[in-house]
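Please read the structure below before turning to the comments.
For the single chain, residues carry numbers from 1 onward in sequence order.
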Amino acid sequence: YGFYSSKEYEPWLQEVKFKIQRLELKPKTMVHEDIEKFKGWIRTTWLPYLYRIPENLKNVFIELIARKYTDMNPTGSNGKIKTEMQRLEFIVSK
């Protein structure tokens with residue numbers, strides 16, 4: 001499991017004979033309505049990390065991650081939690 005740049009994906013796509021029309025990492029701000037939605041996002045997207053945590057400790061781990069994140073990145077006055085991320089976007093054809 002990993003996160004790769006567009007420069008890393010490019011030769012892989014070319015190797016399997018894709019013609020690249022567009023390939024780029026785009027910054028994105030994800031907004032979570034509240035701490036419960038944020039924890040839900042962690043619960044459903046962090047699977048490569050969470051599967052290593054014993055089942056009886058997953059909720060404790062998620063709670064700690066969410067609290068630590070919001071301690072370091074306080075919510076705005078509306079209580080929303082923002083996370084900065086990148087998405088790989090591409091258009092390819094065979």
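The main-chain N or O of N73 is never found under 3.5 Å from a side-chain atom of T70 such that the two would form a donor-acceptor pair. A donor-acceptor distance shorter than 3.5 angstrom exists from the side chain of K94 to the backbone of V16, with no hydrogens or angles considered.
The closest side-chain heavy-atom distance from F38 to Y69 is below 4.5 Å. Looking at heavy atoms from C-beta onward, I42 lies out of side-chain contact with F61 at the 4.5 angstrom threshold. Within the 4.5 Å cutoff, the side chain of E10 has heavy atoms near those of the L23 side chain. Between M30 and K82 there is no side-chain heavy-atom pair separated by less than 4.5 Å. In this structure, E84 and P27 have side chains that are not in contact, with every pair of non-hydrogen atoms separated by 4.5 Å or more. With contacts defined as side-chain heavy-atom distances shorter than 4.5 Å, the pair L50/I62 qualifies. The shortest distance between side-chain heavy atoms of N59 and R43 falls below 4.5 Å.
The cluster map of Ile, Leu, Val, Met, Phe, Trp and Tyr, joined by side-chain heavy atoms under 4.5 Å apart, puts V31 and I35 in different clusters. Follow the hydrophobic side-chain contacts under 4.5 Å out from W46 and you never reach V60; the two are in separate clusters. Follow the hydrophobic side-chain contacts under 4.5 Å out from W41 and you reach F3 in the same cluster.
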Check your understanding: What do the steps show when you test W12 against Y4 for ring-ring contact (aromatic ring centres under 6.0 Å, His included), and what is the final call?
Key -> CA-CA 11 Å; W12 298 336; Y4 303 98; 5.1 Å; yes

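No more than 12 heavy atoms of other residues, nucleotides or ligands sit less than 6.0 Å from atom CZ of R87.
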